[in-house]
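To start, the structure under review is shown below, and the notes come after it.
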Amino acid sequence: MKKVPKTYTPVADFIEAYSQSNTVRAHIPGHKGIAPANKQDIIYAHDLTEITGADSLYEAEGILLQSEEIATSLFHSYHTYYSAGGSSQCIKTMCALACAYHYQNNTHRPTILAGRNAHKTFIHASQLLRFDIKWLESTDYDSLCECRITPALLNQTLSSLETIPCALYLTSPDYLGNILDIKAIAEICHQYHMILLVDNAHGAYLKFIDKPYIHPIDAGADLVSDSAHKTLPALTGAAYLHISHHAPQTLLKLSSNIRDYSVMFGSTSPSYLILESMDHVNKWLIDHPDAYKHFVYKVSKLKQDIKALGFHLRDSEPLKITLSVPHQGQSLMTDLTSHHIECEYADPDFVVLMLTPFNSDEDLSRIYDAFASLSHHKAYLRNETIKMKTALPEVKYQPYELLFALEEEINVDENCIGRICVRCHIGCPPAILPIVPGEIINAQTITILKKYDIHSIHVLKNL
(Lines give C-alpha, C1' and ligand atoms only; values in the text may rest on other atoms or scores of the structure.)
Protein backbone atom coordinates (compact mmCIF):
# COMPACT_ATOMS: atom_id res chain seq x y z
CA MET A 1 0.00 0.00 0.00
CA LYS A 2 1.33 3.42 -0.93
CA LYS A 3 2.09 5.97 1.76
CA VAL A 4 -0.58 8.65 1.87
CA PRO A 5 -0.01 12.34 2.63
CA LYS A 6 -0.84 13.95 5.97
CA THR A 7 -4.07 15.44 4.68
CA TYR A 8 -6.78 13.32 3.10
CA THR A 9 -8.04 16.23 0.98
CA PRO A 10 -5.01 17.93 -0.64
CA VAL A 11 -7.01 19.19 -3.62
CA ALA A 12 -9.91 20.55 -1.58
CA ASP A 13 -7.52 22.16 0.90
CA PHE A 14 -5.64 23.96 -1.87
CA ILE A 15 -8.82 25.15 -3.58
CA GLU A 16 -10.33 26.45 -0.35
CA ALA A 17 -7.11 28.29 0.54
CA TYR A 18 -6.91 29.82 -2.91
CA SER A 19 -10.55 30.95 -2.85
CA GLN A 20 -9.82 32.77 0.43
CA SER A 21 -6.48 34.26 -0.65
CA ASN A 22 -7.76 37.45 -2.33
CA THR A 23 -5.50 36.67 -5.30
CA VAL A 24 -6.12 38.56 -8.54
CA ARG A 25 -7.34 35.86 -10.95
CA ALA A 26 -5.54 36.88 -14.12
CA HIS A 27 -6.21 33.42 -15.56
CA ILE A 28 -9.10 31.39 -16.91
CA PRO A 29 -11.99 30.66 -16.23
CA GLY A 30 -13.65 33.87 -17.31
CA HIS A 31 -15.96 34.13 -14.30
CA LYS A 32 -12.93 34.83 -12.03
CA GLY A 33 -14.56 32.96 -9.18
CA ILE A 34 -17.68 35.15 -9.19
CA ALA A 35 -21.10 33.80 -10.08
CA PRO A 36 -23.00 36.13 -12.43
CA ALA A 37 -26.23 35.64 -10.47
CA ASN A 38 -24.84 35.25 -6.94
CA LYS A 39 -21.41 36.64 -6.11
CA GLN A 40 -21.14 34.38 -3.05
CA ASP A 41 -21.68 31.13 -4.97
CA ILE A 42 -18.96 28.76 -3.72
CA ILE A 43 -19.14 26.65 -6.90
CA TYR A 44 -17.69 29.48 -8.95
CA ALA A 45 -15.12 30.31 -6.29
CA HIS A 46 -13.85 26.73 -6.38
CA ASP A 47 -13.80 26.39 -10.15
CA LEU A 48 -10.10 26.66 -11.00
CA THR A 49 -7.64 25.78 -13.73
CA GLU A 50 -4.04 24.56 -13.67
CA ILE A 51 -2.60 27.51 -11.75
CA THR A 52 0.59 27.44 -9.69
CA GLY A 53 0.23 24.79 -6.99
CA ALA A 54 -2.98 23.28 -8.41
CA ASP A 55 -1.13 20.52 -10.28
CA SER A 56 -2.26 19.24 -13.69
CA LEU A 57 -4.22 16.02 -14.09
CA TYR A 58 -2.34 14.78 -17.15
CA GLU A 59 1.08 15.56 -15.66
CA ALA A 60 0.12 14.96 -12.02
CA GLU A 61 2.98 15.28 -9.57
CA GLY A 62 1.52 17.43 -6.78
CA ILE A 63 -1.83 17.58 -5.01
CA LEU A 64 -3.68 15.60 -7.69
CA LEU A 65 -1.11 12.80 -7.49
CA GLN A 66 -1.40 12.89 -3.70
CA SER A 67 -5.17 12.54 -3.95
CA GLU A 68 -4.86 9.67 -6.43
CA GLU A 69 -2.48 7.92 -4.05
CA ILE A 70 -5.12 8.09 -1.32
CA ALA A 71 -7.64 6.53 -3.70
CA THR A 72 -5.00 3.94 -4.62
CA SER A 73 -4.70 2.96 -0.96
CA LEU A 74 -8.48 2.72 -0.63
CA PHE A 75 -8.87 0.47 -3.67
CA HIS A 76 -5.61 -1.47 -3.13
CA SER A 77 -4.67 -1.03 -6.78
CA TYR A 78 -1.25 -0.65 -8.37
CA HIS A 79 -2.41 2.85 -9.14
CA THR A 80 -5.80 4.54 -9.39
CA TYR A 81 -6.03 7.34 -11.94
CA TYR A 82 -8.64 10.09 -11.88
CA SER A 83 -10.90 11.04 -14.76
CA ALA A 84 -13.13 14.10 -14.99
CA GLY A 85 -14.58 12.71 -18.23
CA GLY A 86 -16.52 9.86 -16.67
CA SER A 87 -16.09 6.16 -17.29
CA SER A 88 -16.30 6.91 -21.01
CA GLN A 89 -12.84 8.46 -20.88
CA CYS A 90 -11.53 5.58 -18.78
CA ILE A 91 -12.95 2.92 -21.11
CA LYS A 92 -11.27 4.47 -24.13
CA THR A 93 -8.01 4.74 -22.18
CA MET A 94 -8.23 1.06 -21.14
CA CYS A 95 -8.69 0.08 -24.78
CA ALA A 96 -5.69 2.20 -25.79
CA LEU A 97 -3.59 0.41 -23.19
CA ALA A 98 -4.80 -2.95 -24.46
CA CYS A 99 -3.78 -1.99 -28.00
CA ALA A 100 -0.38 -0.79 -26.79
CA TYR A 101 0.03 -4.08 -24.92
CA HIS A 102 -0.76 -5.97 -28.12
CA TYR A 103 1.73 -4.02 -30.21
CA GLN A 104 4.60 -4.83 -27.85
CA ASN A 105 4.94 -8.21 -29.56
CA ASN A 106 2.70 -8.05 -32.65
CA THR A 107 2.35 -6.05 -35.84
CA HIS A 108 -1.13 -7.16 -36.95
CA ARG A 109 -4.22 -5.23 -35.90
CA PRO A 110 -5.40 -5.99 -32.36
CA THR A 111 -8.68 -7.74 -31.62
CA ILE A 112 -10.61 -7.30 -28.38
CA LEU A 113 -13.16 -9.93 -27.40
CA ALA A 114 -16.19 -8.35 -25.74
CA GLY A 115 -19.53 -9.05 -24.12
CA ARG A 116 -22.35 -7.91 -26.38
CA ASN A 117 -23.84 -5.57 -23.74
CA ALA A 118 -20.88 -3.20 -24.02
CA HIS A 119 -21.57 0.50 -23.59
CA LYS A 120 -21.42 2.34 -26.91
CA THR A 121 -18.25 4.07 -25.68
CA PHE A 122 -16.48 0.78 -26.38
CA ILE A 123 -17.65 0.99 -30.01
CA HIS A 124 -16.37 4.56 -30.15
CA ALA A 125 -13.02 3.32 -28.82
CA SER A 126 -12.83 0.81 -31.68
CA GLN A 127 -13.58 3.55 -34.20
CA LEU A 128 -10.92 5.86 -32.77
CA LEU A 129 -8.21 3.26 -32.10
CA ARG A 130 -9.01 1.00 -35.06
CA PHE A 131 -9.04 -2.32 -33.25
CA ASP A 132 -11.27 -5.21 -34.33
CA ILE A 133 -14.10 -6.44 -32.13
CA LYS A 134 -15.12 -10.06 -31.75
CA TRP A 135 -18.37 -10.41 -29.85
CA LEU A 136 -19.05 -12.93 -27.12
CA GLU A 137 -22.77 -13.58 -26.92
CA SER A 138 -24.45 -15.35 -24.07
CA THR A 139 -26.83 -18.18 -24.82
CA ASP A 140 -29.53 -16.85 -22.53
CA TYR A 141 -30.61 -13.29 -21.87
CA ASP A 142 -33.75 -11.28 -21.23
CA SER A 143 -32.60 -7.80 -22.12
CA LEU A 144 -30.27 -5.73 -24.26
CA CYS A 145 -28.57 -4.80 -20.99
CA GLU A 146 -27.24 -8.21 -20.07
CA CYS A 147 -24.78 -10.72 -21.45
CA ARG A 148 -24.29 -13.71 -19.20
CA ILE A 149 -20.71 -14.64 -19.95
CA THR A 150 -19.68 -17.75 -18.03
CA PRO A 151 -16.18 -19.19 -17.58
CA ALA A 152 -17.28 -22.27 -19.56
CA LEU A 153 -18.54 -20.14 -22.46
CA LEU A 154 -15.31 -18.13 -22.51
CA ASN A 155 -13.16 -21.26 -22.42
CA GLN A 156 -15.17 -22.83 -25.22
CA THR A 157 -14.88 -19.71 -27.36
CA LEU A 158 -11.14 -19.26 -26.87
CA SER A 159 -10.39 -22.90 -27.55
CA SER A 160 -12.10 -22.55 -30.95
CA LEU A 161 -10.19 -19.45 -32.11
CA GLU A 162 -7.16 -19.61 -34.37
CA THR A 163 -5.86 -16.25 -33.10
CA ILE A 164 -6.29 -15.26 -29.47
CA PRO A 165 -7.48 -11.66 -28.90
CA CYS A 166 -5.23 -9.36 -26.88
CA ALA A 167 -7.94 -8.61 -24.32
CA LEU A 168 -11.42 -9.40 -23.07
CA TYR A 169 -13.77 -6.51 -22.30
CA LEU A 170 -16.72 -7.14 -19.98
CA THR A 171 -19.42 -5.15 -18.22
CA SER A 172 -19.99 -6.18 -14.62
CA PRO A 173 -22.27 -5.24 -12.94
CA ASP A 174 -24.56 -4.52 -15.87
CA TYR A 175 -27.53 -2.15 -15.90
CA LEU A 176 -29.87 -4.80 -14.49
CA GLY A 177 -27.42 -5.61 -11.70
CA ASN A 178 -26.01 -8.94 -12.94
CA ILE A 179 -22.48 -9.64 -11.70
CA LEU A 180 -20.19 -11.98 -13.63
CA ASP A 181 -17.72 -14.48 -12.15
CA ILE A 182 -14.77 -12.17 -12.75
CA LYS A 183 -12.36 -14.29 -10.69
CA ALA A 184 -12.84 -17.44 -12.78
CA ILE A 185 -12.96 -15.45 -16.03
CA ALA A 186 -9.71 -13.66 -15.15
CA GLU A 187 -7.97 -16.98 -14.55
CA ILE A 188 -8.96 -18.19 -18.02
CA CYS A 189 -7.87 -14.92 -19.63
CA HIS A 190 -4.45 -15.18 -18.04
CA GLN A 191 -4.07 -18.81 -19.13
CA TYR A 192 -4.46 -17.52 -22.70
CA HIS A 193 -2.16 -14.52 -22.04
CA MET A 194 -5.04 -12.10 -22.50
CA ILE A 195 -5.64 -9.10 -20.29
CA LEU A 196 -9.05 -8.53 -18.74
CA LEU A 197 -10.73 -5.10 -18.93
CA VAL A 198 -13.86 -4.55 -16.83
CA ASP A 199 -16.38 -1.76 -17.11
CA ASN A 200 -17.36 -1.60 -13.44
CA ALA A 201 -19.10 1.76 -13.80
CA HIS A 202 -21.94 0.73 -11.50
CA GLY A 203 -19.81 -1.11 -8.97
CA ALA A 204 -17.22 1.18 -7.38
CA TYR A 205 -18.89 0.59 -4.00
CA LEU A 206 -18.25 -3.17 -4.20
CA LYS A 207 -14.84 -2.45 -2.70
CA PHE A 208 -16.50 -1.26 0.51
CA ILE A 209 -18.95 -4.08 1.29
CA ASP A 210 -18.56 -7.62 2.53
CA LYS A 211 -18.10 -10.82 0.55
CA PRO A 212 -19.35 -12.57 -1.51
CA TYR A 213 -19.24 -9.32 -3.47
CA ILE A 214 -15.77 -8.55 -4.81
CA HIS A 215 -14.52 -5.52 -6.70
CA PRO A 216 -13.06 -6.61 -10.08
CA ILE A 217 -9.63 -5.24 -9.15
CA ASP A 218 -9.56 -7.80 -6.31
CA ALA A 219 -10.99 -10.58 -8.49
CA GLY A 220 -8.14 -10.59 -10.99
CA ALA A 221 -9.08 -7.98 -13.61
CA ASP A 222 -6.07 -6.13 -15.03
CA LEU A 223 -7.74 -2.81 -15.83
CA VAL A 224 -11.00 -1.57 -14.30
CA SER A 225 -13.07 1.51 -14.95
CA ASP A 226 -15.30 2.80 -12.12
CA SER A 227 -17.73 5.68 -12.17
CA ALA A 228 -17.16 7.55 -8.92
CA HIS A 229 -20.40 9.46 -9.40
CA LYS A 230 -22.81 6.55 -9.91
CA THR A 231 -22.57 4.90 -6.49
CA LEU A 232 -20.03 7.01 -4.58
CA PRO A 233 -20.72 10.64 -3.53
CA ALA A 234 -18.77 12.38 -6.31
CA LEU A 235 -19.95 14.90 -8.88
CA THR A 236 -21.17 13.67 -12.25
CA GLY A 237 -18.21 12.99 -14.53
CA ALA A 238 -15.91 11.67 -11.81
CA ALA A 239 -14.37 8.27 -12.56
CA TYR A 240 -11.42 6.02 -11.76
CA LEU A 241 -9.15 3.91 -13.91
CA HIS A 242 -7.55 1.20 -11.77
CA ILE A 243 -4.57 -0.90 -12.80
CA SER A 244 -4.00 -4.10 -10.85
CA HIS A 245 -0.89 -5.16 -8.96
CA HIS A 246 -1.24 -8.50 -10.75
CA ALA A 247 -1.31 -7.10 -14.27
CA PRO A 248 1.47 -8.38 -16.58
CA GLN A 249 4.77 -6.55 -16.16
CA THR A 250 4.55 -5.29 -19.73
CA LEU A 251 1.22 -3.67 -18.94
CA LEU A 252 2.52 -2.21 -15.68
CA LYS A 253 5.39 -0.58 -17.59
CA LEU A 254 2.93 0.79 -20.15
CA SER A 255 0.90 2.35 -17.35
CA SER A 256 3.33 5.26 -17.42
CA ASN A 257 1.55 6.20 -20.67
CA ILE A 258 -1.93 6.22 -19.16
CA ARG A 259 -2.12 9.99 -18.78
CA ASP A 260 -0.93 10.52 -22.35
CA TYR A 261 -3.65 8.19 -23.62
CA SER A 262 -6.29 9.63 -21.31
CA VAL A 263 -5.83 13.21 -22.51
CA MET A 264 -6.63 12.07 -26.06
CA PHE A 265 -10.18 11.27 -24.93
CA GLY A 266 -10.93 14.14 -22.56
CA SER A 267 -10.68 17.88 -22.20
CA THR A 268 -7.27 19.40 -21.52
CA SER A 269 -9.17 21.51 -18.97
CA PRO A 270 -10.60 18.88 -16.62
CA SER A 271 -13.05 20.24 -14.06
CA TYR A 272 -11.48 21.01 -10.69
CA LEU A 273 -14.94 20.86 -9.16
CA ILE A 274 -15.11 17.19 -10.17
CA LEU A 275 -11.55 16.51 -8.99
CA GLU A 276 -12.25 18.24 -5.68
CA SER A 277 -15.33 16.06 -5.22
CA MET A 278 -13.17 12.95 -5.66
CA ASP A 279 -10.90 14.30 -2.93
CA HIS A 280 -13.93 14.58 -0.63
CA VAL A 281 -15.00 11.02 -1.51
CA ASN A 282 -11.64 9.74 -0.23
CA LYS A 283 -12.11 11.51 3.08
CA TRP A 284 -15.73 10.38 3.42
CA LEU A 285 -14.83 6.73 2.77
CA ILE A 286 -12.04 6.89 5.34
CA ASP A 287 -14.35 8.50 7.92
CA HIS A 288 -17.28 6.13 7.17
CA PRO A 289 -15.67 2.73 6.49
CA ASP A 290 -18.84 0.73 7.19
CA ALA A 291 -21.43 3.01 5.58
CA TYR A 292 -22.00 0.84 2.51
CA LYS A 293 -22.02 -2.37 4.53
CA HIS A 294 -24.77 -1.04 6.78
CA PHE A 295 -26.77 0.39 3.91
CA VAL A 296 -26.71 -2.90 2.00
CA TYR A 297 -28.72 -4.45 4.84
CA LYS A 298 -31.30 -1.67 4.63
CA VAL A 299 -31.73 -2.15 0.88
CA SER A 300 -31.94 -5.92 1.33
CA LYS A 301 -34.80 -5.42 3.80
CA LEU A 302 -36.54 -3.05 1.38
CA LYS A 303 -36.21 -5.60 -1.42
CA GLN A 304 -37.81 -8.28 0.75
CA ASP A 305 -40.67 -5.93 1.66
CA ILE A 306 -41.33 -5.10 -1.99
CA LYS A 307 -41.29 -8.81 -2.88
CA ALA A 308 -43.83 -9.43 -0.11
CA LEU A 309 -46.18 -7.04 -1.92
CA GLY A 310 -46.11 -9.40 -4.90
CA PHE A 311 -43.61 -7.68 -7.18
CA HIS A 312 -40.99 -9.78 -8.93
CA LEU A 313 -37.42 -8.67 -8.29
CA ARG A 314 -34.40 -9.92 -10.20
CA ASP A 315 -31.34 -11.07 -8.30
CA SER A 316 -28.99 -8.13 -8.57
CA GLU A 317 -26.09 -6.30 -7.03
CA PRO A 318 -26.90 -5.02 -3.52
CA LEU A 319 -27.67 -1.38 -4.29
CA LYS A 320 -29.96 -1.99 -7.27
CA ILE A 321 -33.64 -2.83 -7.07
CA THR A 322 -34.47 -4.46 -10.42
CA LEU A 323 -38.12 -5.21 -11.06
CA SER A 324 -39.27 -7.63 -13.74
CA VAL A 325 -42.50 -6.24 -15.20
CA PRO A 326 -42.99 -7.74 -18.68
CA HIS A 327 -44.42 -5.19 -21.13
CA GLN A 328 -45.09 -2.77 -18.24
CA GLY A 329 -41.71 -1.16 -17.56
CA GLN A 330 -42.51 2.28 -18.95
CA SER A 331 -45.93 2.30 -17.29
CA LEU A 332 -44.51 1.41 -13.87
CA MET A 333 -41.84 4.08 -14.18
CA THR A 334 -44.54 6.66 -14.98
CA ASP A 335 -46.55 5.60 -11.94
CA LEU A 336 -43.50 5.78 -9.68
CA THR A 337 -42.70 9.24 -11.05
CA SER A 338 -46.22 10.35 -10.14
CA HIS A 339 -45.34 9.33 -6.57
CA HIS A 340 -42.18 11.48 -6.82
CA ILE A 341 -39.92 8.42 -7.10
CA GLU A 342 -37.52 8.96 -10.00
CA CYS A 343 -36.05 5.70 -11.31
CA GLU A 344 -32.62 5.17 -12.81
CA TYR A 345 -33.80 3.16 -15.80
CA ALA A 346 -36.83 1.59 -17.41
CA ASP A 347 -37.32 -0.37 -20.60
CA PRO A 348 -40.30 -2.42 -21.80
CA ASP A 349 -39.70 -5.22 -19.28
CA PHE A 350 -37.58 -3.88 -16.41
CA VAL A 351 -37.42 -0.98 -13.97
CA VAL A 352 -34.22 -0.22 -12.06
CA LEU A 353 -33.76 1.88 -8.93
CA MET A 354 -30.23 2.69 -7.74
CA LEU A 355 -29.68 3.65 -4.09
CA THR A 356 -26.71 4.71 -1.95
CA PRO A 357 -26.15 5.58 1.72
CA PHE A 358 -27.02 9.15 0.78
CA ASN A 359 -30.62 8.01 0.41
CA SER A 360 -32.30 8.61 3.77
CA ASP A 361 -34.48 6.21 5.75
CA GLU A 362 -37.38 8.45 4.71
CA ASP A 363 -36.44 7.84 1.05
CA LEU A 364 -36.62 4.09 1.60
CA SER A 365 -39.99 4.40 3.32
CA ARG A 366 -41.38 6.52 0.49
CA ILE A 367 -40.21 3.93 -2.05
CA TYR A 368 -41.98 1.17 -0.15
CA ASP A 369 -45.14 3.25 0.21
CA ALA A 370 -45.16 3.94 -3.54
CA PHE A 371 -44.94 0.24 -4.35
CA ALA A 372 -47.58 -0.56 -1.73
CA SER A 373 -49.96 1.89 -3.38
CA LEU A 374 -49.34 0.24 -6.77
CA SER A 375 -49.57 -3.38 -5.65
CA HIS A 376 -53.22 -3.63 -6.73
CA HIS A 377 -52.11 -3.36 -10.40
CA LYS A 378 -52.11 -7.02 -11.39
CA ALA A 379 -50.17 -6.29 -14.58
CA TYR A 380 -47.18 -5.26 -12.45
CA LEU A 381 -47.25 -8.54 -10.52
CA ARG A 382 -47.26 -10.98 -13.44
CA ASN A 383 -44.55 -13.60 -13.26
CA GLU A 384 -43.58 -13.96 -16.90
CA THR A 385 -40.16 -14.38 -18.48
CA ILE A 386 -39.43 -12.56 -21.72
CA LYS A 387 -36.61 -14.20 -23.65
CA MET A 388 -34.78 -12.57 -26.52
CA LYS A 389 -33.33 -14.55 -29.39
CA THR A 390 -29.57 -14.55 -29.29
CA ALA A 391 -28.18 -14.95 -32.81
CA LEU A 392 -25.96 -11.97 -33.59
CA PRO A 393 -26.21 -10.17 -36.94
CA GLU A 394 -23.64 -11.04 -39.58
CA VAL A 395 -20.56 -8.79 -39.47
CA LYS A 396 -19.62 -7.24 -42.80
CA TYR A 397 -17.28 -4.48 -41.60
CA GLN A 398 -15.61 -3.41 -38.38
CA PRO A 399 -17.06 -0.20 -36.85
CA TYR A 400 -14.02 1.92 -37.73
CA GLU A 401 -14.33 0.99 -41.41
CA LEU A 402 -17.66 2.82 -41.66
CA LEU A 403 -16.88 5.86 -39.51
CA PHE A 404 -17.00 8.25 -42.48
CA ALA A 405 -19.00 6.11 -44.89
CA LEU A 406 -21.72 7.56 -47.11
CA GLU A 407 -25.00 6.82 -45.37
CA GLU A 408 -28.73 7.35 -45.49
CA GLU A 409 -31.43 7.26 -42.83
CA ILE A 410 -34.27 4.81 -43.38
CA ASN A 411 -37.28 3.63 -41.40
CA VAL A 412 -37.01 0.46 -39.36
CA ASP A 413 -39.18 -2.00 -41.28
CA GLU A 414 -38.84 -5.07 -43.50
CA ASN A 415 -37.11 -2.94 -46.16
CA CYS A 416 -34.12 -2.71 -43.79
CA ILE A 417 -33.32 -6.40 -44.10
CA GLY A 418 -29.98 -6.91 -45.78
CA ARG A 419 -28.84 -3.31 -45.30
CA ILE A 420 -25.61 -2.54 -43.43
CA CYS A 421 -25.82 -0.47 -40.26
CA VAL A 422 -23.61 2.63 -40.14
CA ARG A 423 -25.11 4.33 -37.09
CA CYS A 424 -27.78 3.40 -34.57
CA HIS A 425 -28.96 5.92 -32.00
CA ILE A 426 -29.90 4.81 -28.51
CA GLY A 427 -29.77 7.04 -25.46
CA CYS A 428 -28.01 6.68 -22.14
CA PRO A 429 -29.24 4.76 -20.27
CA PRO A 430 -28.59 2.10 -21.41
CA ALA A 431 -26.33 3.24 -24.33
CA ILE A 432 -26.09 -0.37 -25.56
CA LEU A 433 -26.47 -0.81 -29.31
CA PRO A 434 -28.96 -3.40 -30.62
CA ILE A 435 -26.91 -3.45 -33.83
CA VAL A 436 -23.33 -2.32 -34.27
CA PRO A 437 -21.94 -0.37 -37.26
CA GLY A 438 -20.83 -2.84 -39.92
CA GLU A 439 -23.47 -5.48 -39.16
CA ILE A 440 -26.18 -6.63 -41.57
CA ILE A 441 -29.73 -5.98 -40.45
CA ASN A 442 -31.96 -9.06 -40.24
CA ALA A 443 -35.54 -9.71 -39.17
CA GLN A 444 -34.53 -10.30 -35.57
CA THR A 445 -32.70 -6.96 -35.52
CA ILE A 446 -35.87 -5.17 -36.60
CA THR A 447 -37.83 -6.79 -33.78
CA ILE A 448 -35.27 -5.69 -31.19
CA LEU A 449 -35.01 -2.15 -32.59
CA LYS A 450 -38.77 -1.72 -32.41
CA LYS A 451 -38.86 -3.19 -28.91
CA TYR A 452 -36.52 -0.41 -27.77
CA ASP A 453 -38.51 2.25 -29.63
CA ILE A 454 -35.93 2.85 -32.36
CA HIS A 455 -37.81 3.73 -35.56
CA SER A 456 -35.04 4.89 -37.90
CA ILE A 457 -31.48 3.80 -38.58
CA HIS A 458 -28.54 5.02 -40.63
CA VAL A 459 -27.36 2.49 -43.19
CA LEU A 460 -24.66 2.32 -45.83
CA LYS A 461 -25.86 4.23 -48.87
CA ASN A 462 -26.54 2.22 -51.99
CA LEU A 463 -24.50 3.65 -54.85
Side-chain angles (χ1 to χ4, degrees), residues 77-81 83 85-136 147 149 154 157-158 161-172 180 182 185-201 216-217 219-227 239-266 398-401 403 436 438:
S77 61
Y78 178 77
H79 192 84
T80 292
Y81 295 85
S83 163
S87 285
S88 296
Q89 185 178 13
C90 295
I91 288 167
K92 294 183 182 104
T93 304
M94 287 198 306
C95 291
L97 274 167
C99 291
Y101 177 74
H102 167 83
Y103 282 121
Q104 292 299 297
N105 296 303
N106 301 279
T107 56
H108 60 277
R109 193 183 304 278
T111 297
I112 296 181
L113 187 64
R116 183 65 181 198
N117 62 338
H119 191 281
K120 62 184 178 182
T121 291
F122 176 71
I123 312 299
H124 298 159
S126 168
Q127 292 174 315
L128 292 168
L129 296 165
R130 298 179 67 81
F131 62 81
D132 290 350
I133 300 172
K134 181 170 178 57
W135 293 110
L136 255 178
C147 187
I149 304 301
L154 175 61
T157 301
L158 292 175
L161 296 178
E162 292 183 9
T163 303
I164 299 299
C166 65
L168 171 63
Y169 174 92
L170 295 176
T171 303
S172 179
L180 302 178
I182 297 297
I185 288 171
E187 290 174 357
I188 294 170
C189 285
H190 297 151
Q191 289 171 12
Y192 283 88
H193 305 290
M194 296 168 56
I195 58 173
L196 176 58
L197 322 180
V198 178
D199 173 2
N200 184 57
I217 208 69
D222 300 292
L223 294 168
V224 179
S225 170
D226 285 355
S227 284
Y240 307 108
L241 197 170
H242 310 287
I243 184 166
S244 167
H245 284 285
H246 306 294
Q249 283 300 312
T250 301
L251 188 62
L252 292 178
K253 290 178 182 177
L254 286 170
S255 68
S256 61
N257 300 333
I258 282 181
R259 298 191 198 278
D260 292 333
Y261 295 144
S262 183
V263 73
M264 294 193 297
F265 308 116
Q398 287 293 323
Y400 59 81
E401 295 180 280
L403 182 56
V436 172

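In this chain, numbering begins with 1 at the start of the sequence shown. Predicted, not measured: the structure shown is a model, and the values here were computed from it.
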Chi angles and distances behind the side chain to side chain contact (heavy atoms under 4.5 Å, CB included) call for Asp222, Leu197: CA-CA 6 Å; Asp222 300 292; Leu197 322 180; 5.6 Å; no

Met264 and Thr93: CA distance, side-chain angles, deciding distance, side chain to side chain contact (heavy atoms under 4.5 Å, CB included) verdict: CA-CA 8 Å; Met264 294 193 297; Thr93 304; over 6 Å; no

Full working for side chain to side chain contact (heavy atoms under 4.5 Å, CB included) between Thr121 and Lys92: CA-CA 7 Å; Thr121 291; Lys92 294 183 182 104; 3.9 Å; yes

Side chain to side chain donor-acceptor pair (under 3.5 Å) evaluation trace for Arg109 with Tyr400: CA-CA 12 Å; Arg109 193 183 304 278; Tyr400 59 81; 3.0 Å; yes

Check against side chain to side chain contact (heavy atoms under 4.5 Å, CB included), Leu129 and Phe265: CA-CA 11 Å; Leu129 296 165; Phe265 308 116; 4.0 Å; yes

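Note that the OG atom of Ser262 and the CD atom of Gln89 stand 3.5 Å from one another [nearest 0.5 Å]. The CG atom of Leu180 sits 10.5 Å away from the CG atom of Asn200 when rounded to the nearest 0.5 Å. Taking SG of Cys166 as the start and CD1 of Ile195 as the end, the distance is 6.0 Å to the nearest 0.5 Å. Expressed to the nearest 0.5 Å, how far CG of Leu196 lies from CE of Met94 amounts to 9.0 Å. Of the inter-residue distances, the one linking Met194 atom CE with Ile188 atom CD1 reads 10.0 Å to the nearest 0.5 angstrom. Atom CD1 of residue Ile149 and atom CG of residue Leu168 lie 7.5 Å apart, to the nearest 0.5 angstrom.
Shortest non-hydrogen contact noted between Ser225 and Ile91 is OG-CG1, 4.1 Å. The heavy-atom pair separating Phe131 from Cys95 by the smallest distance is CE2-CB, 3.8 Å. Taking every heavy atom of both residues into account, Ala118 and Thr171 meet most closely at CA-OG1, 4.0 Å. Ser77 approaches His245 most closely through the heavy-atom pair O-NE2, 3.0 Å.
Tyr101 is linked by a ring pair (Phe, Tyr, Trp, His ring centres under 6.0 Å) to nothing, counting only residues two or more places apart in sequence or in another chain. His102 pairs by the ring pair (Phe, Tyr, Trp, His ring centres under 6.0 Å) definition with His108, not counting sequence neighbours.
Ring centroid separation for the pair Tyr81 and His79 comes in under the 6.0 Å cut-off. Annotation: Phe122 is in aromatic contact with Tyr169 [ring centroid separation under 6.0 Å].
In this structure a side-chain-to-backbone donor-acceptor pair under 3.5 Å is missing from Thr111 to Ile133. Put simply, the side chain of Gln104 never gets that close to the backbone of Thr250: no donor and acceptor are under 3.5 Å apart. Counting only distance, with no hydrogens or angles, the side chain of Ser87 and the backbone of Cys90 share no donor-acceptor pair below 3.5 Å. Between the side chain of Asp199 and the backbone N or O of Leu170, no donor-acceptor pair lies under 3.5 Å. When atom types are taken as modelled, the side chain of Thr80 and the backbone of His242 share no donor-acceptor pair closer than 3.5 angstrom.
Here the side chains of Ser172 and Ile182 are in contact, with some heavy-atom distance below 4.5 Å. Looking only at side-chain heavy atoms (C-beta outward), Leu136 and Thr157 come within less than 4.5 Å of each other. You'll find the side chain of Ser83 stays beyond 4.5 Å of the side chain of Tyr240, heavy atoms only. Residues Leu223 and Val198 fail the side-chain proximity criterion, which asks for heavy atoms closer than 4.5 Å. Residues Leu154 and Leu113 have side chains in contact (heavy-atom distance under 4.5 Å, counting atoms from C-beta outward). Ile112 has its side chain out of reach of Asp132: every pair of non-hydrogen atoms, C-beta onward, lies at least 4.5 Å apart. Residues Lys120 and Val436 have side chains not in contact (no heavy-atom distance under 4.5 Å, counting atoms from C-beta outward).
If you check the side chains of His246 and Ser244, you find no donor sitting under 3.5 Å from an acceptor.
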